[in-house]
Protein chains: 4
Amino acid sequence: MPDAARSRRLKPEQREAAILDAALEAFARHGFADARIEDIARVAQVSKGSVYLYFPTKQALFEALVRRDIGPRVAMARGFLDAYDGPLEIALQNLADMVSAIIDSGQTPIYPRLLVAESQRLPELVDFYRREVVGVLLAALSGLFARAMTKGEIAQDDPVMLAHLFVAPVLKALMWALVFTPTEPEPFRAGPYLAAHIRLFLKGLQHA
Amino acid sequence: MPDAARSRRLKPEQREAAILDAALEAFARHGFADARIEDIARVAQVSKGSVYLYFPTKQALFEALVRRDIGPRVAMARGFLDAYDGPLEIALQNLADMVSAIIDSGQTPIYPRLLVAESQRLPELVDFYRREVVGVLLAALSGLFARAMTKGEIAQDDPVMLAHLFVAPVLKALMWALVFTPTEPEPFRAGPYLAAHIRLFLKGLQHA
Amino acid sequence: MPDAARSRRLKPEQREAAILDAALEAFARHGFADARIEDIARVAQVSKGSVYLYFPTKQALFEALVRRDIGPRVAMARGFLDAYDGPLEIALQNLADMVSAIIDSGQTPIYPRLLVAESQRLPELVDFYRREVVGVLLAALSGLFARAMTKGEIAQDDPVMLAHLFVAPVLKALMWALVFTPTEPEPFRAGPYLAAHIRLFLKGLQHA
Amino acid sequence: MPDAARSRRLKPEQREAAILDAALEAFARHGFADARIEDIARVAQVSKGSVYLYFPTKQALFEALVRRDIGPRVAMARGFLDAYDGPLEIALQNLADMVSAIIDSGQTPIYPRLLVAESQRLPELVDFYRREVVGVLLAALSGLFARAMTKGEIAQDDPVMLAHLFVAPVLKALMWALVFTPTEPEPFRAGPYLAAHIRLFLKGLQHA
DNA sequence: GATGAATGAGAGTTCATTCAT
DNA sequence: TATGAATGAACTCTCATTCAT
């Protein structure tokens, strides 16, 4: 093999990462069923057969992708929430700002849509989400609300329910961006939407 | 032809409906790409070719299905909202009760999921939804909130934004039921969730 | 049935003729395999099922078409040749003029092409052609040449061979027109071509 | 994989050739529309999918087949004609002998029939024939006749017309063999037919 | 007789996966 | 380890033919 070719060749970890990156793009653009392994391989600068060296099936590739990208983000969010000890309003606004910035910059993560779209086909993926994503984040958010109650910032309520309710407009903003933005004349802006959400939500949580 | 066979044969109007019903089941279970025309035909008690007598392509079948089932429901909801003139709380609670009853009885409509899942493939379907479903329902809800403001029931605010915010937990409940219910040990109950939503939401809308 | 509809309806012989006319157009345009019975029925102003009332299969329709159109023309040509008693040159020139007029007016009969194209599929059609068309016409032409020899107009030769040779440029002109004319910038003219053929051919037949 | 199976597997260059060979057989026997890719694959000892590795569509396979087989033969004939400087009669007789030998040995090329049969469907193929086959061969033949006139072997005439006329019985012999031979009791012999043609043709070309 | 809805075998094509190199 | 040619099951869609009306 000529040196030029060898130097262009990636190390195994890099190859796996390149495949996952290419898979993300392909699944985002076409959905699971219509994404073609051959396209993923070409974008990853790898042969079709090599994809199968790293992932035994298309489905396994999909699941590995979700696991790689979701885990760290969830851990980061959880770390922030668990460590947070300031006023509730600031925490919620920070969360909303992060999400809004991502959405309004056009980089909306496609994982929620992929989960929704493929949940029938991939029950194990659903389990993973429930355990590793939804469960963790809702628990962390619940903790946040529970502490706010302890501190008397908000009225007594079911903290888990509050977490579910707080999260709903965030999810809606994500889905909206994923579904409607490509064809929408004037795109929906997540920032003002979530700001209004927090304003109303906190007012609803005030002591009576 | 024996009588048994003849009686098994459906009338034309029934045949189209049977195909659409079977298609709904197939698309719900497998998604667009993995639903097989042959299965749809068998469930509809119809030959494979007959499906193409009524719908020129698989995609047209899918779109016809959405149009058939969505239109009347949207019209009904819109009629209720436009005609309503009572207290806001009752209206919202009625809406939530209807949605909760559907979800908690296990008949969650799969159309929202299909929209999310196939939005990349079917931009025309997205347009249809925006115009005929989302646009109509949000307008009707906005009107409801606007009238409540005029009557002084709630504080002044952007009625369109309120409609978007009110709707978020409803959508979340739908998605939750579709994605997690099949594998969840103790299913999420939409009723209490939406009740809590309305309670907080209305409190947030009170005059300051 | 309303009178208007009944009067629009054709008599059986007319219906059969209309179907055959439509079939001619369809086979000429698309070939046997790609001609669709449904299109033929529509052009003939007849239902698809009615085609099968008159012809049991697509193949039978094709064969009936050939038989209807070929027979009379062959009989006419044969009658002319058998009855002819004038100079050979005039007879040949008359034949060439008829053929040239047809070709150069753009009405080239598609039967030779259909025979060539479908000869593998339809051996019975080939038999029919050999017996009813080629055999008859070559025999009549052979007779013409034989009489010319008897009268001393041309040198002694095998009259059957002469018939075969005389016919070759006629067939070539037909095929040429069918294959190349649709895309050819300056169309091949059969008239001058066959005139040159007769000139050379007769010169070749002169007494040494 | 057992040795037997491995040895049955062909090398890449052989595979493409085997597919083309099988396609030739299939198209010759059934025509374009009725030739089945699956049959071609089986005859070529190749999977159905492999055919699409080499040719993107059935039509492309057909066109590649024609191009592969026609080009070299045309080039050879043209080379012979362009280089020839002997007496006209010998050249014509050589050509006739070659054609006769092929036809009378039962290996009549099916390309002329395929051209005739599929000319409606494949206008590009017709263009290819006009440019690469008919145009080239008629030009080369015209040159032969023109040189014969210059040398005084034959009377002055239009050399292009002579080429067209000379070629007609050759084509007729080809078509005859293709259409009638399979079912004909005593097959038509091209040899004597073309010999008679040349005899008469040259006599027609003599100086007056 | 006439209709056209209904049938279903079969075609071309795709693509996840395998495997010889 | 890496390749990409090869595989073949599975899919959508077509259309000659049938048959209930």
Side-chain angles (χ1 to χ4, degrees), chain A residues 1 5-6 9-12 15 32-42 46-61, chain B residues 1 5-6 9-12 15-16 33-42 45-61, chain C residues 1 5-6 9-12 15 33-42 46-61, chain D residues 1 5-6 9-12 15-16 33-42 45-59 61:
Chain A
M1 181 192 291
R6 192 185 319 161
R9 175 173 261 156
L10 299 169
K11 293 213 179 97
R15 293 169 67 86
F32 180 83
D34 287 4
R36 290 160 68 241
I37 293 280
E38 188 157 14
D39 289 343
I40 293 171
R42 179 172 38 255
V46 148
S47 78
K48 211 193 323 184
S50 287
V51 175
Y52 285 85
L53 247 39
Y54 293 89
F55 308 98
T57 65
K58 191 186 187 185
Q59 182 163 321
L61 169 59
Chain B
M1 181 193 280
R6 190 183 321 158
R9 182 170 235 152
L10 298 169
K11 295 220 176 89
R15 294 172 68 88
E16 180 165 345
D34 287 6
R36 290 162 60 225
I37 294 280
E38 189 158 16
D39 289 344
I40 293 172
R42 181 172 35 255
Q45 307 255 44
V46 146
S47 76
K48 201 178 4 166
S50 287
V51 175
Y52 287 89
L53 235 45
Y54 293 89
F55 308 99
T57 65
K58 191 187 186 185
Q59 180 162 324
L61 169 59
Chain C
M1 181 191 290
R6 190 185 322 159
R9 175 173 260 155
L10 300 169
K11 294 211 178 101
R15 292 169 67 87
D34 287 4
R36 290 161 66 241
I37 294 278
E38 188 158 13
D39 289 344
I40 293 172
R42 180 172 37 256
V46 148
S47 78
K48 209 193 326 185
S50 287
V51 174
Y52 285 86
L53 247 38
Y54 293 89
F55 308 98
T57 65
K58 191 186 187 185
Q59 182 162 321
L61 169 59
Chain D
M1 182 192 278
R6 191 184 318 160
R9 182 168 236 152
L10 299 169
K11 295 218 176 95
R15 293 172 69 89
E16 180 165 344
D34 287 5
R36 289 162 60 228
I37 295 279
E38 189 157 15
D39 289 343
I40 293 171
R42 181 172 36 255
Q45 306 255 47
V46 147
S47 77
K48 200 172 13 157
S50 286
V51 175
Y52 287 87
L53 235 45
Y54 292 89
F55 308 98
T57 65
K58 191 186 187 186
Q59 181 162 323
L61 169 59

Contacts of type side-chain hydrogen bond (donor to acceptor under 3.5 Å, both in side chains), residue A/Ser47, not counting sequence neighbours: A/Ser50

B/Tyr54: which residues meet the side-chain hydrogen bond (donor to acceptor under 3.5 Å, both in side chains) condition with it, sequence neighbours left out? none

Counterpart residues, salt bridge (charged side-chain N to carboxylate O under 4.0 Å, His left out), relative to D/Lys58 (two or more places apart): none

Touch check for C/Ala35, heavy atoms < 4.0 angstrom, all strands: base, sugar-phosphate only, or nothing?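 Touches sugar-phosphate only.
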
Mind checking if C/Ala60 touches a base, just sugar-phosphate, or nothing, with heavy atoms under 4.0 Å? nothing

Pick the closest DNA chain F nucleotide for B/Asp34 and for D/Gly49 by heavy atoms, then say which residue is nearer the 5' end. D/Gly49

Treat a base pair as Watson-Crick or G-U wobble with both distances under 3.5 Å, then lay out DNA chain E in dot-bracket form, 5' to 3', with | for cross-strand pairs. .||||||||||||||||||||

Integer-rounded Å distance: [N] [atom2] and [X] [atom1]:
X	N	atom1	atom2	value
C/Gln59	F/dC15	CD	P	18 Å
C/Glu38	E/dT3	CD	P	13 Å
A/Arg42	F/dG4	CZ	P	12 Å
B/Gln45	E/dA6	CD	C1'	14 Å
A/Leu61	E/dC15	CG	P	16 Å

Candidate nucleotides E/dA16, F/dT7, F/dT3, ranked by approach to the side chain of D/Arg15 - the nearest: F/dT7

Let's see if you get this right: which residues in residues 51-58 of chain A place a heavy atom under 4.0 Å from DNA chain F?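 Only A/Leu53, A/Tyr54 qualify.
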
Could I get the full list of side-chain contact (heavy atoms from CB on, under 4.5 Å) partners for B/Ala33, not counting sequence neighbours?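 For B/Ala33 the side-chain contact (heavy atoms from CB on, under 4.5 Å) partners, ignoring immediate neighbours, are A/Ala33, A/Asp34, B/Arg121.
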
CG on C/Asp39 to NZ on C/Lys48, rounded to 0.5 Å: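 It comes to 10.0 Å.
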
Quick check on DNA chain E: between C/Ser50 and D/Lys48, whose nearest nucleotide comes earlier from the 5' end? C/Ser50

Of D/Ile37 and C/Ser47, whose nearest nucleotide on DNA chain E comes first from the 5' end? C/Ser47

Taking the side chain as everything from C-beta on, heavy atoms only, tell me whether B/Val46 gets closer than 4.5 Å to B/Leu53. no

